[in-house]
Novice: 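Below is the structure I would like to discuss, written out as structure tokens.
Letters go in sequence order (proteins before strands), and every chain restarts at 1. Just so it is clear, the structure is predicted and the values come from calculations on it, not from any experiment.
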There are 2 protein chains.
Amino acid sequence: MNKRITLADIAARTGFSASTVSMVLNNRPGSRIPEATAERVRAIAEELGYAPDRTARGLRTGRSEALGFISDEVTITRYASAMVRGILDAAEACNHAVLMAETDNHPRRLENAIRLMRTRHIDGIIVGLMRARQVDLPAGLGGLPVIIVNGKVDGYHAVLPDEYQAGLDAVNYLVAHGHRRIAFIGRAAVHLDPRVSWTIGRRISGIDTGMANAGLSFVHEVEGSDWEPELGYRGAAEIFDRGDITAIITANDRIAFGVYGVAQARGLSIPDDMSVLSFDDEQLASYVRPQVTTMRLPYLDMGQIAAELLFKQIAGEWCPTDSAEETLVRMPLVERSSVADLG
Amino acid sequence: MNKRITLADIAARTGFSASTVSMVLNNRPGSRIPEATAERVRAIAEELGYAPDRTARGLRTGRSEALGFISDEVTITRYASAMVRGILDAAEACNHAVLMAETDNHPRRLENAIRLMRTRHIDGIIVGLMRARQVDLPAGLGGLPVIIVNGKVDGYHAVLPDEYQAGLDAVNYLVAHGHRRIAFIGRAAVHLDPRVSWTIGRRISGIDTGMANAGLSFVHEVEGSDWEPELGYRGAAEIFDRGDITAIITANDRIAFGVYGVAQARGLSIPDDMSVLSFDDEQLASYVRPQVTTMRLPYLDMGQIAAELLFKQIAGEWCPTDSAEETLVRMPLVERSSVADLG
DNA sequence: TTGTATGCGTTATCAG
DNA sequence: CTGATAACGCATACAA
């Protein structure tokens, strides 16, 4: 039905040639075209509702103004999917299209996705991971600009949450609120393996440093690698049995959720009897009462920043080796109601 | 670096012409090419790692083998983002690319997204909504195949959860487990407005019909349009004060979450003292203990089905007016531990 | 059976 | 200042 409007159409209408029209519409520097001509061309283009055919342009220029986003399982994840939105927003702001694919952690699907995108001339790729860990990428993207979000791949620039700083901030917040006797749930040796997590080590290390800086050490610690509510149930039970602390730091919100359950079962009030400070800011954290004070994983910002970095790289304004191999994004402290001020 | 391999390259290597190579690789019907030739062409193509340039092909054929997915705020949503995965999976299975954009409910961004995709020659569009409601679409997509997921737009085919059946199933399940004295939380007149929700009316209607079929009516009802935990807190308090029911149907999981909170506070056991049956199957439903038995919103399937329908429509194998205006997708009952068998 | 010529809509080069 | 002309990589009608 709606036949496409092409350069030829507007050339015919104005009497100028297609190349002149093209020059006007792209206002190429160097060749100055009389304002009268330009004016007329622009008017007709506007009137006809001309929009350049990006695939034809891409074929000619070799640049598609499209980027690819490949993730392992970000869309299926509760909160990490915000990184998609961040990328989409940034891309739209630059009038770029976003091609998307998800691999579900299958190497074959990953190679598929890369090939599919390459044959479509994308200008660059963002690789996003659900959990920040070190992974490998196949060779198929030689020469293509690549940015990793929430993960680490050898040889590529990564955008990551600033977990160390967050650990520091968390402890400082507790200390500033008068807490001295603090417990921690969630330490586990397995998390130190970069293939398991590239960032949890930093989170813990920030927490440890924060404690040391304040001249404190944990009154009680519950180890555990499976950061689910069950760990919170078990951990809180152990800690409450001892009963000599004022605050618990939980390694993530799901553990905190378990702690809440035990507190409620024992008739303990959060934060009056016990403060809880957590990490991640899953939706969960704002469902429970009182809402959990937690260090937010800034997925939206990370996606946005990754896309902007990629655009710079494509434009040649920035080169990964210019700067640090990682861009760290601040994890804001979301202050809610689970931490008491002991004044 | 990696120069692209083109038809010309492989033509040069084999000695045949580009058109012959093209015919072989697309094994065009009609023109039979000797197996010897075909064999050789395929071998060289394989060896060189040839992959056709989809943008060039698209320019020539007018079909891009790419589809667009435009949503309001699906990626930012806890559970609806699974529909993205469904679309991605189906697209990959058909070797189609997916272009994605999100509007955040701004009409301007919607028109932007449509234009951006049209100039990229997508073959069709899927429009996805976070909450199933009736919306309008601008005129800009004349002639383009369109499927709506989790929403309703006049004149287009929609893929929706089968809420009526789910309501029926929910009540039947309760009745089959011996429940007769049942309460309900979540009815609200405002939800009957199709612009607010296209499906909640059916959910409620299914529930009502199920009750009527069993010769039952609700012992107690708590109305409320804001389906958040607070409504569960308030509703459960009211209901528990009366204390003469065996089961509560909550209109969604967040309300159920509130009910859980009150039950725990009052020392009531779920499901021993009180059964809970819910809707949606948010992540939340599997976090609480006991895990909630709930009617799942089948987002993954809906995305997949929408994409498959779109492909059929593009291929001309199916025309929206051929069949019903809606494709209803079954909402499975996820049986967990919140409903007691009164057998 | 295979090759040649042409066009898809742009942009870039180079004359005029 | 502007307009032919070629080329991007592919598919196809037609000629050989």
Novice: Yes or no on side chain to side chain contact (heavy atoms under 4.5 Å, CB included) for Asp53(A) and Thr119(B), after CA distance, side-chain angles and deciding distance?
Specialist: CA-CA 5 Å; Asp53(A) 182 326; Thr119(B) 63; over 6 Å; no
Novice: For Thr37(A) and for Ala56(B), find the nucleotide of DNA chain D with the closest heavy atom, then tell me which residue's nucleotide is more 5'.
Specialist: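 Nearest nucleotide further toward 5': that of Thr37(A).
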Novice: Would you call the rings of Phe311(A) and His96(A) parallel, tilted or perpendicular if under 30° counts as parallel and over 60° as perpendicular?
Specialist: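 If you compare the ring of Phe311(A) with that of His96(A), the planes turn out tilted.
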Novice: What is the distance, to the nearest angstrom, from the CD1 atom on Ile10(A) to the C1' atom on dG3(D)?
Specialist: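 Those two atoms, CD1 and C1', are 16 Å apart.
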Novice: At what angle, to 10 degrees, do the two end axes of the helix from dT1(C)-dA16(D) to dG16(C)-dC1(D) meet, given five pairs define each axis?
Specialist: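 Taking the rotation axis at each end, their angle is 50°.
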Novice: Can you tell me the distance, in whole Å, between the CG atom of Leu7(A) and the P atom of dG7(C)?
Specialist: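 So the CG-P distance, Leu7(A) to dG7(C), works out to 17 Å.
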Novice: Rounded to the nearest Å, what distance is computed from the CD atom of residue Glu35(A) to the P atom of nucleotide dC1(D)?
Specialist: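 Interatomic distance, CD of Glu35(A) to P of dC1(D): 12 Å.
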Novice: Between the base of dT11(C) and the side chain of Arg60(A), is there a donor-acceptor distance below 3.5 Å?
Specialist: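 Answer yes: a donor N or O sits under 3.5 Å from an acceptor.
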Novice: Do Phe69(A) and Leu99(A) come close enough that some side-chain heavy atom pair is under 4.5 Å?
Specialist: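 In short, these two side chains do not touch, never coming nearer than 4.5 Å.
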Novice: Please tell me if Thr20(A) has a side-chain N or O lying less than 4.0 Å from either OP1 or OP2 of dG3(D).
Specialist: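 So the side-chain polar atoms of Thr20(A) do come within 4.0 Å of the phosphate oxygens OP1 or OP2 of dG3(D), strictly under.
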Novice: Hey, is Arg85(B) close enough to Glu102(A) for a salt bridge, meaning N to O under 4.0 Å?
Specialist: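 Looking at Glu102(A) together with Arg85(B), the answer is yes, because their closest N to O distance falls below 4.0 Å.
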Novice: Would you say the side-chain atoms of Thr20(A) and Ser17(A) include a donor-acceptor pair closer than 3.5 Å?
Specialist: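 Looking only at side-chain atoms, Ser17(A) and Thr20(A) do form a donor-acceptor pair, the distance falling under 3.5 Å.
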Novice: How close or far is atom C1' of dT10(C) from atom CD1 of Ile5(A), stated in whole angstroms?
Specialist: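 For the pair Ile5(A) CD1 and dT10(C) C1', the rounded distance is 16 Å.
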Novice: Kindly say if Ser17(A) contacts the phosphate of dG3(D), meaning a side-chain N or O under 4.0 Å from OP1 or OP2.
Specialist: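 Indeed, a polar side-chain atom of Ser17(A) lies that close.
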Novice: Rounded to whole Å, how long is the line connecting atom CE of Met23(B) with atom C1' of dT1(C)?
Specialist: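 The distance from CE of Met23(B) to C1' of dT1(C) comes to 10 Å, rounded to the nearest Å.
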Novice: Quick test of your reading of the model: are Asp72(B) and Arg109(B) salt-bridged, counting only N-O distances below 4.0 Å?
Specialist: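 No, Asp72(B) and Arg109(B) are not salt-bridged.
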Novice: Is the closest basic N to carboxylate O distance between Glu35(A) and Arg42(A) below 4.0 Å?
Specialist: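 Yes, Glu35(A) and Arg42(A) are salt-bridged.
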Novice: In whole Å, what is the span from the CD atom of Glu65(B) to the P atom of dG9(D)?
Specialist: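 Checked: the CD to P distance equals 19 Å.
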Novice: Can you tell me the distance, in whole Å, between the CZ atom of Arg63(B) and the P atom of dA11(D)?
Specialist: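 Arg63(B) atom CZ is separated from dA11(D) atom P by 13 Å.
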Novice: Looking across every strand, which nucleic acid part, if any, lies under 4.0 Å from Thr61(A) by heavy atom: base, sugar-phosphate, or nothing?
Specialist: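 Thr61(A): backbone/sugar contact only, no base atoms under 4.0 Å.
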Novice: For DNA chain D, find the residues of residues 47-55 of chain B with a heavy-atom distance under 4.0 Å and give them by number; none if there aren't any.
Specialist: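 Heavy-atom contacts with DNA chain D come from Tyr50(B), Pro52(B), Asp53(B).
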Novice: With a 3.5 Å cut-off and heavy atoms only, can you find an N or O donor on one side and an acceptor on the other between the side chain of Ser22(A) and the base of dA12(C)?
Specialist: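 Such a pair does not exist between side chain and base.
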Novice: Are any of Thr6(B)'s side-chain N or O atoms less than 4.0 Å away from OP1 or OP2 of dG9(D)?
Specialist: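 So the side chain of Thr6(B) is outside the cut-off, no N or O lying under 4.0 Å from OP1 or OP2 of dG9(D).
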Novice: Can you measure from CE (Met100(A)) to CE (Met117(A)) and round to the nearest 0.5 angstrom?
Specialist: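 Those atoms lie 8.5 Å apart.
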Novice: Counting only side-chain N and O atoms of Arg57(A), is one of them less than 4.0 Å from OP1 or OP2 of dG9(C)?
Specialist: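 No.
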Novice: Nearest whole Å is fine: how far is dT2(D) P from Asn26(A) CG?
Specialist: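 Spelled out: CG on Asn26(A) to P on dT2(D) is 16 Å.
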Novice: Mapping Phe16(B) and Ala18(A) onto DNA chain C by nearest heavy atom, which one lands closer to the 5' end?
Specialist: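 Residue closer to the 5' terminus by nearest nucleotide: Phe16(B).
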Novice: Under 4.0 Å between a Lys/Arg side-chain N and an Asp/Glu carboxylate O for Arg195(A) and Asp136(A)?
Specialist: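 Salt bridge between Arg195(A) and Asp136(A), a charged N being under 4.0 Å from a carboxylate O: yes.
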Novice: Could you go step by step and tell me if Ile126(B) and Ile70(B) meet the side chain to side chain contact (heavy atoms under 4.5 Å, CB included) rule?
Specialist: CA-CA 6 Å; Ile126(B) 298 177; Ile70(B) 302 181; over 6 Å; no
Novice: Classify Leu59(A) by what it touches in the nucleic acid, base, sugar-phosphate, or nothing, heavy-atom distance under 4.0 Å.
Specialist: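 Base, at least one base atom sits under 4.0 Å.
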